[in-house]
Amino acid sequence: MGGIGKTTLASVVFQRLSNSQFEGCSFLSNVREEYARHGPNHLRKKLLSELLNIDHDILKMDTPFVASPYILGKLRRKKVLMVLDDVDSSIQLEALVEGYDQLAPGSRIIVTTRNVQVLNKVADNIYKVEGLRHIESLELFRLHAFGRNSPSMDDEILLRKVVSYADGNPLALKVLGSFLNSKSKEEWESALTKLQIFPNKDITNALRISYEGLEDKGIQSIFLDIACLFNQSFSRDHAESMLDVGDSFVKIGISVLIDKCLIENNEARRDNELRMHDLLRQMGQTIVRDEHKELGNRSRLWDAKDICDILERNMGTETVEGISFNMSKISRDVNVCRAAFSKMCNLRILKIYCDNIHDSKFKLYLPQGLDSYLWDRLIYFQWDLYPLKSLPSHFNLRNLVELILRGSNIQKLWNREVQPFFYIPSQGLPALRRMDLSYSKLLTKIPDLSQLAPNLESINLECCKSLVQVLPSVQSLHKLTNLNLNGCSKLREFKEISRSRWYLDLVKCGGIKNFLSTICQQKLTFLKSFTNNISSLSSPGSYSCQKFPVNLTVLHLRSLPIEAVPLSIVSLSGLVELDMGECKRLKSLPTSICKLKSLESLDLRYCSELEKFPEILEPMEHLTNLTISGAGIKELPESIANLISLKALTAQSCKEIEFLPNKLCDLRKLTSLYLEGCSKLQKLPPLPPALSVLEVKQCKSLKLLPDLPLFCTVVDARYCTSLEKISDWRTAIQNITGKYISVLDFFGCGKLDQNTRNTIVPHNAIYKILQSVNSVSEAELCYPGDQIPKWFKNQNSGTSLKIKLPPFLNNDNFLGLAFCVVLEVNKEIPCAGVSINFKLNFKTIDDDCPGEFHSSMSVTANKFLDHVLIMYDSKWSLPLSLQLNSCSSEASLHVWHSFFDYSVKENFNLGSEYCEIKKCGVWFVDKEDVEKFNAETIQSKKKRQRFDNEYCSEPSASGSDQFVPSGLHDEEDHHDESHPTIYSKKFRVM
């Protein structure tokens, strides 16, 4: 992305290294522009001249793509540093370095580019320059808006708006800061309002370079579609389905946009979330806005006010390709012209939507109906709160890929009295892949979709409360993978099944084979009754014999009136996700549930009549998430050990569970265990070795926590009012990198014994801090007590503290900063939260104040106890000015509390009547602290590992590495990729 700081970062690295470590150095600026202006030979000769300091006659020996043996020999003997700034293509890079890539040991080539493809094949390391964090953005903006000595504006909200607009882009912060310098508050507000519509030209021009570098017009069109018609973040699948018209190359187009940093992807997210920076979005919208002065002659429309004018006055033309209309942004009802779309013959995307369909103050109305045609180029049609009872009969939707009518008034998809054009089988809806009619509460029936839309992959009918029949219309859709029937409370299929007593018996026995063996032992009258029921099952009108589409992978049946799982579900061999939450009549699950070998997620939350979880008779190799929160389940079977891939067990508010199975320890992949509100839970069994999150908040009968596993980073035991003891879980520090959050919270555990309060919990609070020193991390820790841990070398009674800064603050030994307070609660607090605020001022010899650091943490405090509160920020989480500051010799800490009302989301002050800070402390964490802690606890780590092997019945053949969650393995030389390093053979900046 333009302006993000690639050139600045490369320049800093070059300046730091060029005068010391290298024999020859060259920094080629603006390679893209210079290459276009002067050609490759000019740049290549300039590069060699600066690296080798040789005359023009020798440079004549060099030719493009063929290296001179003489020059090559000199390069091989010389340790050089070269920076190639703003390289736009692989051809440019090859033209500059072809033949000269065999450099002397220790040489470095740094390349900055907006196109990652330039680096993918040649780079040893690629560093993506991220935007500035909020606190760094504020510092940079203030520097340019106010200067070093000018008083800054006291309107924090206005400052945040400016910083939010720039969204971490340094160029935007500099330009805006310089522009707003010396301006009044009113001028700031006016400028910000204008910027929302008309962005700054300097910023836009810098960003537009990347857009103009997209030589393919189709990819430029995809960029403009995303900039004008998509929300800030979106999934890649959604973008591809919405933009793909069959003959386009959307997949490769989106990949190119990612490579060019015009959109960002978050590979860590399972749904492959994409995001476009707001400044790039504005740039794209400016390009479309400049197409024509007349609104109806622009290719894409997104402004709610503009769209209202066009739909009311029939101003649209054949130029319009896409409309994205957020009805949440209108301030009045809108009467749409009957022929509003008749001239939009090139319309591809029609998206009329609400942020919340249940809370829309204003709507679109069609008082004369909708007589216009929607042309056959339409691929995406969304109209939330669609006001008519059916779709017009003359809509030509043969290319439609997605149909969304959420919260509509539709009763039928069309009026059968007028045969619709798309109902003809030869036309139909052959391209339709997704249909969403959710919350259409008047919809009573859907047509047989097997011929009308045979390629449907997803149907959402959630909360269509008048719908009485579905399965006959969808069971022949062999490509259907996602079916959502949540809240369809009048569906006859499931009512008929639930009323059948013999069917319930059949399910409980696990299928007809087991059931037949059972009835052989029963009376003849029962057998006669059973055969009668079998006859009714085979009758043509029976609902019970209806099946689900065979290729379903996602099935949502939440809040349906069923008492047993339909047996046809068990035959869905590809089912990945099954949601039966809030089925409050559900009384049993078949043991044959284990036949669902592809199942990854099972949700049974708030099935209040479900008292027993079935035996798992066979291993389920793919089930990773099981949710039973709020269910009536009284116990889990020991055969739960057959859920061999389970990663998360969520059993919150299971108020009848007293004990968990001892085989829980055998779930060796279980990382998260959520037991909040299990009020009868008295004891936990030995815990799985990979567990990293344990939540037992408000388990009011729990008296003891067992030994916790090595990598348990989150322990939330707030308000476990009976908790008396925690087993010792001392461990040595592991090497954790990346994003890391640690929580240790025992607030309100007033019965903890003295050993636990004074030794075990404080020790593990320190462990949580030191565990995260190599990561971009944060930690919040809380437990009953009145002593600040000894590791806080700077501590004092009261709310202020003077500190002499340690010498390691400005070198690699410094790892992070921790704050600690002892909070005394004297009186029940009338609001929900207490905020503890920290302010650390760094001072110099001449009493100047070069930097300060603010931070805070919040707790819910309604127990009259003293509590120790600790907050930690790693070195990489601190403001850049604190990391680089080298002139500070001492600092002062000030701590105060405020109160937070969640209902109005505001802070206010109640003084010391309700609570008081008794002590405060600060700890500058360094590498020596880690070594010291490890020395004290290494023996305990070995003891802990012996415990795991002894109590977990099936130890892994591969050793303890199996227990280590992803990202926790030790590495000899691991550097956080979010920060630059020059220890590799080559270092390149993107």
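No donor-acceptor pair under 3.5 Å is formed between the side chain of S692 and the backbone N or O of T713. At least one donor-acceptor pair under 3.5 Å links the side chain of S722 to the backbone N or O of K700. Not one N or O on the side chain of H897 forms a donor-acceptor pair closer than 3.5 Å with the backbone of V834. The closest donor-acceptor contact from the side chain of N356 to the backbone of H358 lies under 3.5 Å. Between the side chain of T756 and the main chain of L752, no donor-acceptor pair closer than 3.5 Å is present. Side-chain atoms of N813 never come within 3.5 Å of backbone atoms of L815 as a donor-acceptor pair (strictly under, hydrogens ignored). Judged by distance alone, with hydrogens and angles left aside, the side-chain atoms of T627 form no donor-acceptor pair with the main-chain N or O of R605 at under 3.5 Å. The backbone N or O of G798 sits nowhere less than 3.5 Å from a side-chain atom of K919 that would complete a donor-acceptor pair. Side-chain atoms of S629 never come within 3.5 Å of backbone atoms of S653 as a donor-acceptor pair (strictly under, hydrogens ignored).
Electrostatic pairing of E724 and K751 does not count as a salt bridge here, judged by no charged N lying under 4.0 Å from a carboxylate O. D753 has no carboxylate O lying under 4.0 Å from a charged side-chain N of K725, or vice versa, which leaves the two without a salt bridge. Salt bridge annotation for D929-K793: present, with a cationic side-chain nitrogen under 4.0 angstrom from a carboxylate oxygen. With respect to D786 and R757, no salt bridge is recorded, no charged nitrogen being found less than 4.0 Å from a carboxylate O.
Put simply, CD1 on I836 and CD1 on I870 are 13.0 Å apart, with the number rounded to the nearest 0.5 Å. Distance check: W791 CH2 to C820 SG gives 14.5 Å after rounding to the nearest 0.5 Å.
Side-chain atoms of N837 and S898 form a donor-acceptor pair, as typed in the model, at a separation below 3.5 Å.
K802 is linked by a side-chain contact (heavy atoms from CB on, under 4.5 Å) to nothing, counting only residues two or more places apart in sequence or in another chain. Residues satisfying the side-chain contact (heavy atoms from CB on, under 4.5 Å) criterion with E916, sequence neighbours excluded, are E824, N826.
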Inset, instruction - Show the numbers, then the answer: is there a side-chain contact (heavy atoms from CB on, under 4.5 Å) between V715 and V743? - result: CA-CA 6 Å; V715 180; V743 174; over 6 Å; no
Legend entry - V761 and I726: CA distance, side-chain angles, deciding distance, side-chain contact (heavy atoms from CB on, under 4.5 Å) verdict: CA-CA 8 Å; V761 176; I726 303 169; 3.8 Å; yes
Legend entry - Full working for side-chain contact (heavy atoms from CB on, under 4.5 Å) between L840 and L817: CA-CA 11 Å; L840 190 62; L817 189 61; 3.7 Å; yes
Legend entry - side-chain contact (heavy atoms from CB on, under 4.5 Å) evaluation trace for K680 with E656: CA-CA 6 Å; K680 291 185 179 180; E656 299 301 319; 3.3 Å; yes
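L176 approaches Y165 most closely through the heavy-atom pair CD1-CD2, 3.5 Å. Shortest non-hydrogen contact noted between L723 and L705 is CD1-N, 3.9 Å. Across all their heavy atoms, F792 and W923 have their closest contact at CD2-CB, 3.5 Å. A pairwise comparison of heavy atoms in Q698 and C720 identifies N-SG, 4.2 Å as the closest pair. Counting all heavy atoms, side chain and backbone alike, C665 lies closest to P686 at CB-O, 3.4 Å. Here the closest heavy-atom approach between residue I628 and residue A651 is recorded as CG1-CB, 3.7 Å.
By the 6.0 Å and 45° rule, K161 does not stack over the aromatic ring of W188.
Between V693 and T671, every side-chain heavy-atom pair lies at or beyond the 4.5 Å cut-off.
Ring planes of F814 and F924: tilted class, angle from 30 to 60°.
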